[in-house]
Asks: 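Below you'll find the structure I mean.
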Amino acid sequence: MSKKNFYDIDLSKTLTKNRLIGLLRMMKGYHWLYIGSTTALAIATISRTGVYLVLRRFVDDVIIAGNFGSNLTNIILMFIGLALIQGGFTFISGWLASKTAESATRRLRNYLFDHLQRLPYAYHAEAKTGDLIARSTSDVDAINRFYGEQAIGIGRILLMFIVNFIALLQLNTRLALYSVIAIPVIIAVSIFFFKRVSKAYEAYQEQEATLSNRLQENLTGVRVVKAFARQRYESYKFDQENWQKFRLGKKLLSLHSLFWPVSDIICGAQMLASFSLGAVMALNGTITIGTYIAFVSLVIWIIWPMRGLGRLIVQTSTGMVSYHRVSEILKQDRESLTEGEYHPEGDLDGEIIFHHVRFQYEENNPVLKDVNFTCQPGDVIALLGSTGSGKTSLVNLLPRFYDATDGQITLDGVDIKKYTRKYLRSQIGIVEQEPFLFSRSIKENITYGVHREVAVEEIIQAAKFAAIHDVIEDFPKGYDTLVGERGVTLSGGQKQRVAIARALLKNPRILILDDSTSSVDTETEAQIRSALEHLMQNRTTFIIAHRIQSVMDADLILVFDKGEIVQKGTHEALMKQSGMYREIFDIQTRIEVELEKEISSVDLS
C-alpha cells in the first residue's frame, strides 16, 4: 500500500459526520499495519502481566518457602523470557504505529495539496492563504499525533485494563472488583473535559489561522509597509491577534491543568483504598504475601493507565477538531478539468462570440451585463475602461475560471462549456496584471506552462521576443539565475517580461494580456508591442489596457463602464464618436503634452 500513488484513494469519500469514525476511515489502506501494531501491543501487555504473576510465584514459592533450587532457575528464565518478549513486541508495536501514522499523514498531506490545486478559482478567491496553510500543516500534524500517539495509546490502555483486570480476577475476585470502582468516575470526568477542550482547541486553531494569515499578508506586503512607514501600526495589529491567541491558549492550558489534579485525586484515593484492603486481607491470611505484591503491581497498571486514558480522551479532541478543519477543505468539490462533450481533433481557429453574456460573483450584483460581440480568428480585441468595469472578469470566462451566469460564449461555433477546461487552458496563454514567478530559475519560470521538453534556443527566442534576453544575459548565471520569492530579485518590468516570455513559449491559439505592459517604460513597451505584433498573427488576442496608445491598432476596441459595453469599434471609428473613448484619449493626450512641455522647460545646463 505504501508504494501506491496517493491519488489511488479518494480521501474525500472517507469523510463522515462522526469525526472518530472519519479519522479511522482516513487510515484506509493502513488498517492492517494498525492491527499488527495492536496485536504486538497485546502480546507485550500479556507479557508484562505475566511478569507480575511470576513475581507472586517467586515470593510465595521461593522466598517464603525457602525453595532456592531448580524452581528459582525456572523463575529467572521466565523473567528473562517475558522481559524479552515484552521489549521486542513493544518495539514492533511502536514501529508499526509510527509507520501507520507517518504513512497515513504523508498521503493526507499530498492529497490535500493536490486537492487545493484542483479546487475552483472562485474558492481560492475567497479563501485566506494563512488559514489554508494552518490547516495543511498544524492540523495535519495534530492528525498525525492522533494516529501515532492517541489512537494506539487508547488501544494500549484498554488492552492493559482488560488483561490486568482478568489477572486480578484470578488473584482475588473481591479485590479485583474493589480496585476498579473509580474508573467510571475517571471516564465521566474525562468526557466532561473532552467537550470543553474540543471547543477551546477549535477556537485556538481558528485564531492561529488568523494569526498566520496576518503574518503571511504582512510579509507579502512588506514593501508597502516600509514605503508608508506603517511598521508600528502593523506590529500593533499583530500584537492584538497574538494576544487573542495567548488568551485562548491560556484557557486551553487551564483546562488541561485542571484535569490533572482532579484525576490524580481520584486515582490516588482509589489506589490507597485498594492497597489498604489488600494489606488487611494479607495480614488476615486471606491472600498470600506474593498475591498482595502482584495485586499492588497490577492495580498500579490499571489505575494509572486509566488516568492516562482520561488524558488521551481529552487530547483526542485536538485530533478530531483538526480532522473537522481539514475535512472542510476535502469536502469542497473539485473543478473538473476533463468534463466536456466536445473534443476537437485539430487546432482551434479562434472565433469567439459573446451572446447576451451576464456574469456575477454575488447574487443580484452583476459585473457583466448583456455583453455582445464577435471576434474573428486572429483578431486583436482591446478592452478599455476604468478599474472594476468588468474587463478582467470577461477574460476570466474564456479559460473557464468562472462560467457565465446567463447567455452563451461560443468558440469556433461550439458552446465554450462543452470544451474541457484542460483543453481550453492548453490553448490559452495568459499574462496577468500582477505576474507571479516561482522561487526557481528564470529558465524554469519561462518553461513553466509548456508540457514538453524545450530546447534552449526556444527559450532564448521567447525571451528575445519579450525583450528580456539581454537583461537575463547580464546576470552571472544567466537563465539559471534563481528568482526569489514572488520574483523579488527582478524589477516589476522584468518580471512582467518573463511572464510574457512564458506565455509566448506556450504558443497558444488565444492570448490574454491583462494590462501586461503596465509595469514597463515606454521604450520597453514599444519593444514588446513590436514582438507581440509578429507573434499575434493568426492568434486571437485579448488586450486589457488603460493607455489608448496600447490599443490603437486593435481590430476591435470594447469600452466598458460598470459592466456594460458602452462603445465598440476600431480606433478610427471611435475617435469620430463622442463618448468615453474620445474623452479618455483627450485626457491622456493632454497629460502627455503637458508632461513634454514640462520636460522641455527644464534647464539642462
Side-chain angles (χ1 to χ4, degrees), residues 35-94 96-97 152-184 186 267-309 312:
I35 292 173
S37 174
T38 306
T39 303
L41 183 60
I43 295 173
T45 302
I46 292 172
S47 300
R48 180 190 293 274
T49 302
V51 169
Y52 299 124
L53 296 179
V54 173
L55 177 63
R56 178 185 67 164
R57 181 178 171 185
F58 173 71
V59 172
D60 290 341
D61 298 346
V62 176
I63 296 178
I64 296 178
N67 184 5
F68 295 96
S70 59
N71 199 24
L72 176 61
T73 303
N74 292 334
I75 290 177
I76 292 175
L77 291 175
M78 282 191 285
F79 272 128
I80 295 173
L82 289 171
L84 291 174
I85 293 173
Q86 178 190 336
F89 280 95
T90 299
F91 169 78
I92 293 173
S93 175
L96 290 175
I152 198 67
I154 291 174
R156 179 187 297 112
I157 289 170
L158 291 177
L159 281 171
M160 290 175 67
F161 173 78
I162 293 171
V163 172
N164 289 331
F165 184 65
I166 292 174
L168 280 176
L169 289 173
Q170 291 180 344
L171 292 179
N172 188 280
T173 303
R174 180 185 174 191
L175 281 176
L177 296 175
Y178 191 79
S179 63
V180 296
I181 291 175
I183 288 178
I186 295 174
C267 291
Q270 172 69 78
M271 291 177 65
L272 179 62
S274 299
F275 294 166
S276 299
L277 178 62
V280 170
M281 293 177 70
L283 292 173
N284 292 338
T286 306
I287 60 175
T288 65
I289 300 299
T291 299
Y292 176 73
I293 293 175
F295 165 75
V296 169
S297 301
L298 291 172
V299 166
I300 292 174
W301 282 101
I302 282 184
I303 298 299
W304 289 114
M306 291 308 294
R307 174 181 178 269
L309 177 63
L312 287 173

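Computed from heavy atoms alone, side chains included, the values below leave out hydrogens, waters and symmetry copies.
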Asks: Please give me the minimum heavy-atom distance between V180 and P184, naming the atom from each residue.
Replies: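 Of all heavy-atom pairs spanning V180 and P184, the closest is O-CD, 3.5 Å.
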
Asks: How far apart are the closest heavy atoms of A279 and Y292, and which atoms are they?
Replies: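 Where A279 meets Y292 most closely, the heavy atoms are N-CE1, 3.2 Å.
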
Asks: L41 vs T45, test: side chain to side chain contact (heavy atoms under 4.5 Å, CB included). Steps then yes/no.
Replies: CA-CA 6 Å; L41 183 60; T45 302; 4.3 Å; yes

Asks: With side chain to side chain contact (heavy atoms under 4.5 Å, CB included) as the test, would you mind laying out the steps for F79 and L55 before giving the verdict?
Replies: CA-CA 8 Å; F79 272 128; L55 177 63; 4.2 Å; yes

Asks: For residues 161-172, dump all side-chain donor-acceptor pairs below 3.5 Å to protein atoms at least two apart in sequence or in another chain.
Replies:
residue, atom, partner, partner atom, Å
N164, OD1, T49, OG1, 2.5
N164, ND2, M160, O, 3.0
N164, ND2, W301, O, 3.2
N172, OD1, R174, N, 3.1
N172, OD1, L175, N, 3.0

Asks: Nearest 0.5 angstrom please: I302 CD1 to I300 CD1, how far?
Replies: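 Those atoms lie 11.0 Å apart.
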
Asks: Taking all heavy atoms of Y178 and all of A273, pick out the closest pair and write down the distance.
Replies: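 Heavy atoms of Y178 and A273 come nearest at CE2-O, 3.7 Å.
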
Asks: For Y52 and A294, work out which heavy atoms get closest and say how close.
Replies: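 For Y52 versus A294, the nearest heavy atoms are O-CB, 3.5 Å.
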
Asks: For a 4.5 angstrom cut-off between non-hydrogen side-chain atoms, does L272 reach F275?
Replies: no

Asks: Got a second to check how far I287's CD1 is from L277's CG, nearest 0.5 Å?
Replies: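 Atom-to-atom, I287:CD1 and L277:CG are 8.0 Å apart.
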
Asks: Nearest 0.5 Å, what's the CD1-SG distance between I183 and C267?
Replies: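 Going from the CD1 atom of I183 to the SG atom of C267 covers 8.5 Å.
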
Asks: Kindly determine whether L96 and I152 satisfy side chain to side chain contact (heavy atoms under 4.5 Å, CB included), including the steps that lead there.
Replies: CA-CA 10 Å; L96 290 175; I152 198 67; over 6 Å; no

Asks: Under the side chain to side chain donor-acceptor pair (under 3.5 Å) rule, collect the residues that match up with S37, sequence neighbours excluded.
Replies: S93

Asks: For the atom pair OG (S274) and CD1 (I303), what is the distance rounded to the nearest 0.5 Å?
Replies: 6.0 Å

Asks: State the OG1-CZ distance between T291 and R57, to the nearest 0.5 angstrom.
Replies: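 Rounded to the nearest 0.5 Å, the OG1-CZ separation comes out at 13.5 Å.
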
Asks: Of the non-hydrogen atoms in I181 and Q270, which two are nearest, and what is the gap between them?
Replies: N-OE1, 3.2 Å

Asks: Could you report the tightest heavy-atom contact between I85 and S47, atom names first, then the distance?
Replies: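 Between these two residues, the closest heavy atoms are CG2-OG, 3.0 Å.
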
